[in-house]
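Here the structure comes first, spelled out in structure tokens, and everything after it is commentary.
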Amino acid sequence: MARFLLQTLSLSILKNDKIWLVPSTHMLHHISLRNTSFFNRLPAEDIWRGVTAVSNAGKKRGRGKGSGKKVAKDLNRGQTIGFGKKNCLWPGLNSPVFRGNELIHQQKIVENNESEYGDNKFRDSMGNFRLMKLNPLDRGWSGSKMPGRSIGPPDNVGEEEFTSFDTRVLENKIVFIMKGNMGRKRRYSVLSVTGNGNGLAGFATVKAPEVRTALRMSKNRAGQKLINISLCENRTIYHDFFTAFGKTKIYCFQKPDGYGLICHRAIKTICKVIGIRDLHAKIEGSTNLQHIVKAFFIGLMRQKSFQDIATETDLNIVQQQKAKGDYSEVKGIPFCKPAPISKIQDIDYMHYTLGNKIVLKKIEVSPYYTHTKGHELKQVKVERFRNQTNVRLNKQVNIYV
């Protein structure tokens with residue numbers, strides 16, 4: 001009877017939409033809890049990215065320029081599996097299940113508070129930003145930036161190994177492309193050159209979403225596009241030449257042994273991986289790195305040997321070396337009879353190899369004080385010391401000869 005009255009009372013009050021009366025038999029005996037939160041629903045990388053990164057809208061407005069200095073802490077580092085605040089021996093996890101014939105049971109170890117303090121201190125030390133220290137020989141063109149740095153030889157292809165090869169980064173930049181479904185997509189573009197220092201070299205440009213991926217793909221692709229470049233005396237180019245690509249013009253000049261590399265830093269890096277030690281190069285026009293690399297490789301591949309030049313011009317190629325006391329050496333002889341003397345007088349070897357191009361020389365403007373009386377008096381006083389440095393250098397050289 002009481003049960004019937006309770007059910008009718010619950011129905012009558014339910015019609016008024018004010019209070020619910022539920023029989024005791026329908027009451028829940030336990031409450032379900034959700035054990036998920038923001039911190040265990042996302043992986044650690046996404047959570048750290050929310051702390052260390054900047055949103056795309058913030059990047060466009062120039063915010064978070066120092067965000068790259070924040071380093072995510074690896075919370076698993078310094079931890080040992082099975083050991084925590086309450087040190088226990090867990091058979092099968094951090095201790096063997098059997099020790100001889102004895103079955104090991106779970107045991108509690110003495111708590112060590114110093115280990116927890118050491119782990120926290122180790123974690124906090126990883127969060128501080130530290131500049132990467134590089135050997136001065138491993139640095140690039142400007143400090144720790146990637147352009148100019150070595151990234152090692154290309155990866156092996158089957159049984160083929162790239163022994164004695166070295167790869168240098170020439171350009172590392174961020175590029176964007178607009179996608180209809182993904183919007184503004186960011187990638188890294190890497191231009192690198194590889195060579196064995198003995199006339200074998202190649203270059204490649206690669207784009208990838210990650211820097212390390214782009215560097216690895218670039219050096220491997222450069223190793224697949226090797227070009228054999230012939231060198232004169234295994235140290236310099238065969239002759240002066242002019243080359244161009246796009247708006248970039250390059251004049252390259254052959255130099256004697258010991259001259260060194262006097263050229264653009266990109267050309268200097270290319271020469272080192274190829275094996276060129278003596279060269280002077282002058283760039284006119286655009287200094288786009290990709291155009292410089294392409295133009296220089298085009299010029300190297302278009303080189304002609306002394307014998308080819310002698311065959312084309314029907315003239316003997318004779319080199320007179322000032323460093324050897326005007327010693328003359330025959331470099332090339334034509335297969336047919338030499339040209340007459342009148343034709344020899346019309347040909348300039350340098351203009352022939354440069355393709356009748358002339359290097360642009362800027363007119364030097366003399367300073368305003370050149371014709372003043374004080375400047376003339378200074379010139380008179382300095383006159384007797386004008387060769388002092390050269391004389392002193394010659395004396396030092398003669399001491400060791």
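- The distance from the NE2 atom of His239 to the CD atom of Gln303 is 5.5 Å, given to the nearest 0.5 Å.
- The shortest distance between side-chain heavy atoms of Lys272 and Thr269 does not fall below 4.5 Å.
- Side-chain contact between Phe297 and Ile229: present, with at least one pair of heavy atoms (C-beta onward) separated by less than 4.5 Å.
- Side chains of Thr311 and Asp308: a donor-acceptor N/O pair is absent below 3.5 angstrom, by distance only.
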Side chain to side chain contact (heavy atoms under 4.5 Å, CB included), that's the test. Do Arg392 and Lys395 meet it? Break it down for me. CA-CA 5 Å; Arg392 186 179 299 156; Lys395 284 184 178 181; 5.7 Å; no
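- Note that NZ of Lys357 and CG of Leu354 are 10.5 Å apart. Values are rounded to the nearest 0.5 Å.
- Using a 4.5 Å heavy-atom threshold, the side chains of Val97 and Leu103 count as touching.
- Using modelled atom types, one finds a donor on one side chain and an acceptor on the other under 3.5 Å when comparing Tyr352 with Glu312.
- Within a 6.0 Å sphere centred on CD of Glu329, heavy atoms belonging to other residues, nucleotides or ligands number more than 12.
- Inter-residue side-chain proximity for Glu284 and Lys282 is flagged as met; some heavy-atom pair is nearer than 4.5 Å.
- In terms of heavy atoms, Arg277 sits closest to Asn234 at NH1-O, 3.2 Å.
- Side-chain contact check for Ile283 versus Ile267: some heavy-atom pair is nearer than 4.5 Å.
- Ser286 and Thr248 get closest at one heavy-atom pair: O-OG1, 2.9 Å.
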Under the side chain to side chain contact (heavy atoms under 4.5 Å, CB included) criterion, do Asp155 and Lys219 qualify, and how do the steps go? CA-CA 8 Å; Asp155 298 336; Lys219 72 176 181 180; 4.0 Å; yes
Does the side chain to side chain contact (heavy atoms under 4.5 Å, CB included) test come out yes or no for Phe296 and His264, once each step is laid out? CA-CA 11 Å; Phe296 188 62; His264 190 275; over 6 Å; no
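- Salt bridge Glu364/Lys362: absent, no basic N to carboxylate O contact under 4.0 Å.
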Any chance you could lay out the side chain to side chain contact (heavy atoms under 4.5 Å, CB included) test for Thr167 and Val193, step after step, and finish with the verdict? CA-CA 6 Å; Thr167 308; Val193 59; over 6 Å; no
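- At least one donor-acceptor pair under 3.5 Å links the side chain of Arg168 to the backbone N or O of Gly148.
- Taking CD1 of Ile317 as the reference point, atom CD of Gln319 lies at 10.5 Å (rounded to 0.5 Å).
- The backbone N or O of Leu215 lies less than 3.5 Å from no partner atom in the side chain of Ser218, so there is not a single donor-acceptor pair.
- Contact between Pro154 and Gly223 at its shortest, heavy atoms only, is CG-CA, 4.1 Å.
- Contact check for Val169 versus Leu191: no side-chain heavy atoms found under the 4.5 Å cut-off.
- For the pair Ala266 and Leu170, the tightest heavy-atom approach, listed with the atom from each and the gap, is O-CD2, 4.3 Å.
- Other residues, nucleotides and ligands contribute only 12 or fewer heavy atoms inside 6.0 Å of the OH atom of Tyr368.
- Here the CD1 atom belonging to Ile227 is positioned 9.0 Å from the CG atom belonging to Leu300, to the nearest 0.5 angstrom.
- Here the straight-line distance linking atom CD of Glu171 with atom CD of Gln290 works out to 5.0 Å at 0.5 Å rounding.
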Please tabulate, for side-chain N and O atoms in residues 197-211, each donor-acceptor pair with protein atoms closer than 3.5 Å (sequence neighbours left out).
none

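- Across all their heavy atoms, Ala222 and Ser192 have their closest contact at CB-O, 4.3 Å.
- Residues Lys268 and Leu279 are not in side-chain contact: their nearest non-hydrogen atoms beyond the backbone lie 4.5 Å or more apart.
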Without placing hydrogens or testing angles, list every side-chain donor-acceptor pair under 3.5 Å for residues 378-387, not counting sequence neighbours.
residue	atom	partner	partner atom	Å
Glu383	OE2	Arg386	NE	2.8

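- A donor-acceptor pair under 3.5 Å is absent between the side-chain atoms of Thr370 and the main chain of Ser366, judged by distance alone.
- Phe165 places a side-chain heavy atom less than 4.5 Å from the side chain of Leu226.
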Please set out all donor-acceptor pairs under 3.5 angstrom arising from side-chain atoms of residues 249-261, sequence neighbours excluded.
residue	atom	partner	partner atom	Å
Tyr251	OH	Ile358	O	3.3
Gln254	NE2	Ile237	O	2.9
Gln254	NE2	Tyr238	O	3.2

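- The structure places OG1 of Thr353 at 14.5 Å from CZ of Arg302, a figure rounded to the nearest 0.5 Å.
- Between Gly299 and Phe241, the shortest heavy-atom contact is CA-CE1, 3.6 Å.
- No donor-acceptor contact under 3.5 angstrom links the side chains of Asn196 and Ser164, judged on distance only.
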